[in-house]
Amino acid sequence: MTKANSRESEYPIDPMFLDRWSPRAFTGEIIEEAQLLTLLDAAHWAPSSANMQPWRFLYALKGSEHWEEFVSLLVEANQEWAKNASALIFVVSRSFNGARSEGRSSYTHSFDAGTAWGHLAMQARISGFYAHGMGGIKHDEIKEKLEVPDGYRVEAGIAIGRIADKSILSERNREREFPSQRKPLSEVAFNGHFIGND
Ligand SMILES: Cc1cc2nc3c(=O)[nH]c(=O)nc-3n(C[C@H](O)[C@H](O)[C@H](O)COP(=O)(O)O)c2cc1C
């Protein structure tokens, strides 16, 4: 077991996995595009089925011409805190393999894009940032306004920033600004066959 960041794993994992968490209090400082591209490069080195690399990343840096539009594409509850991030990303995945005309659908495009997000989140910690995933985004508007072609699935949003004191948050968000715990490993890891039905 490993202890870090008020969390304790059941087995001796690297502390970096406990150090990654999802804060909402961000400093709102400006970051360089190269700093963000470093995180996206780590994401892009994720493994994928047949090395299809189906992930696509649409991003905006705080202070850029695209920033306000990206903030507006989050649901209100996420806008409230994510407007203080340094960068926003929408992860999109290509849901077909090969040429569009071949019509071969991909089974693993979302799984692969999720792997890329995991890489990004870990590189963010290594680079001194935090990455906070968001399912609360305006999927249809993102597709339309950011000109995502048909056949690409809007997966999730990500807020990137440096952590700030939780006193800047609303009361509701302040109360949940802590690293969360996990279910027992035995509830999710089964030796041989599925256990449970909830
Ligand atoms: C795909 C995805 C979607 C999420 N959506 C939201 C969201 O819309 N708003 C939010 O505040 N947190 C969101 N989260 C953060 C999760 O609630 C958080 O990762 C989870 O509670 C585990 O906590 P931890 O990341 O601090 O370990 C999301 C995380 C992921 C990976």
Side-chain angles (χ1 to χ4, degrees), residues 1-11 13-28 39-40 42-43 46 48 54-60 70-93 95 108-143 146 148 152-185 187-189:
M1 57 308 303
T2 305
K3 281 188 186 179
N5 199 18
S6 79
R7 317 209 250 195
E8 184 173 355
S9 63
E10 294 180 40
Y11 289 86
I13 65 174
D14 192 282
M16 71 190 284
F17 295 103
L18 301 175
D19 282 333
R20 182 223 58 80
W21 68 289
S22 305
R24 294 183 179 83
F26 287 121
T27 60
L39 310 190
L40 292 174
S48 60
W55 41 76
R56 301 290 183 270
F57 307 107
L58 308 176
Y59 64 88
F70 270 55
V71 171
S72 77
L73 294 171
L74 309 175
V75 300
E76 303 261 312
N78 285 333
Q79 284 185 25
E80 181 188 322
W81 57 268
K83 65 177 191 297
N84 288 325
S86 300
L88 289 172
I89 303 167
F90 294 118
V91 182
V92 169
S93 71
S95 68
T108 58
H109 61 100
S110 291
F111 185 84
D112 294 337
T115 310
W117 137 253
H119 274 213
L120 185 151
M122 299 314 294
Q123 182 63 51
R125 276 316 292 125
I126 292 164
S127 300
F129 296 101
Y130 286 85
H132 192 139
M134 291 173 289
I137 59 176
K138 300 176 184 172
H139 300 85
D140 293 344
E141 263 187 66
I142 290 167
K143 200 165 184 336
L146 304 187
V148 177
Y152 285 77
R153 183 175 193 270
V154 176
E155 301 283 359
I158 306 171
I160 304 287
R162 293 200 196 273
I163 198 166
D165 192 277
K166 66 179 180 182
S167 59
I168 67 164
L169 295 171
S170 65
E171 192 181 344
R172 177 172 171 270
N173 283 335
R174 211 178 309 137
E175 281 168 7
R176 52 184 187 150
E177 187 73 345
F178 54 83
S180 59
Q181 298 299 326
R182 292 296 182 269
K183 299 171 183 176
L185 189 60
E187 284 187 23
V188 300

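Atoms within a ligand are numbered from 1 in the order they appear, just like the ligands themselves.
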Identify, by atom number and element, the atoms of ligand 1 in contact range of [X], meaning under 4.0 Å from any of its heavy atoms.
| X | result |
| --- | --- |
| R24 | 10 (C), 11 (O), 12 (N) |
| M134 | 3 (C), 4 (C), 5 (N), 6 (C), 7 (C), 8 (O) |
| R20 | 24 (P), 25 (O), 27 (O) |
| R7 | 27 (O) |

Under 4.0 Å, heavy atoms only, figure out whether ligand 1 is touched by the backbone of [X], its side chain, both or neither.
| X | result |
| --- | --- |
| R182 | side chain |
| E155 | neither |
| N78 | side chain |

Under 3.5 Å: N/O of [X] near N/O of ligand 1:
| X | answer |
| --- | --- |
| G133 | yes |
| W21 | no |
| G135 | yes |
| G136 | yes |
| S180 | yes |

At what distance is the nearest protein heavy atom to atom 25 (O) of ligand 1, and which residue and atom is it? S22 OG, 2.4 Å
Quick one: look up the protein heavy atom nearest atom 1 (C) of ligand 1 and list residue, atom name and how far away it is. A156 CB, 4.4 Å
Is any side-chain heavy atom of S48 closer than 4.5 Å to a side-chain heavy atom of P54? yes
Is any side-chain heavy atom of L120 closer than 4.5 Å to a side-chain heavy atom of I89? yes
Could you establish whether E80 and ligand 1 come within less than 4.0 Å of each other, counting only heavy atoms on the residue side? no
Between ligand 1 and H132, can you find any atom pair, the residue atom being a heavy atom, that is separated by under 4.0 Å? yes
Side chain [X], main chain [Y], donor-acceptor under 3.5 Å:
| X | Y | value |
| --- | --- | --- |
| T115 | A46 | no |
| K3 | E8 | no |
| Q79 | L74 | yes |

Atom 16 (C) of ligand 1 touched by protein (heavy atom, under 4.0 Å): no
Would M122 and F17 satisfy side-chain contact (heavy atoms from CB on, under 4.5 Å), going step by step from the backbone distance to the final call? CA-CA 8 Å; M122 299 314 294; F17 295 103; 3.8 Å; yes
Taking the ring of W55 and the ring of H109, is the distance between their centroids below 6.0 Å? no
Kindly state whether the ring of F70 and the ring of F90 have centres lying under 6.0 angstrom apart. yes
Assign the ring pair W21 / Y130 to parallel, tilted or perpendicular, where the plane angle (0 to 90°) is split at 30° and 60°. perpendicular
Stepwise side-chain hydrogen bond (donor to acceptor under 3.5 Å, both in side chains) test for E80 and S170: CA-CA 9 Å; E80 181 188 322; S170 65; 2.8 Å; yes
Check whether more than 12 heavy atoms from other residues, nucleotides or ligands sit under 6.0 Å from atom NZ of K138, and answer yes or no. yes
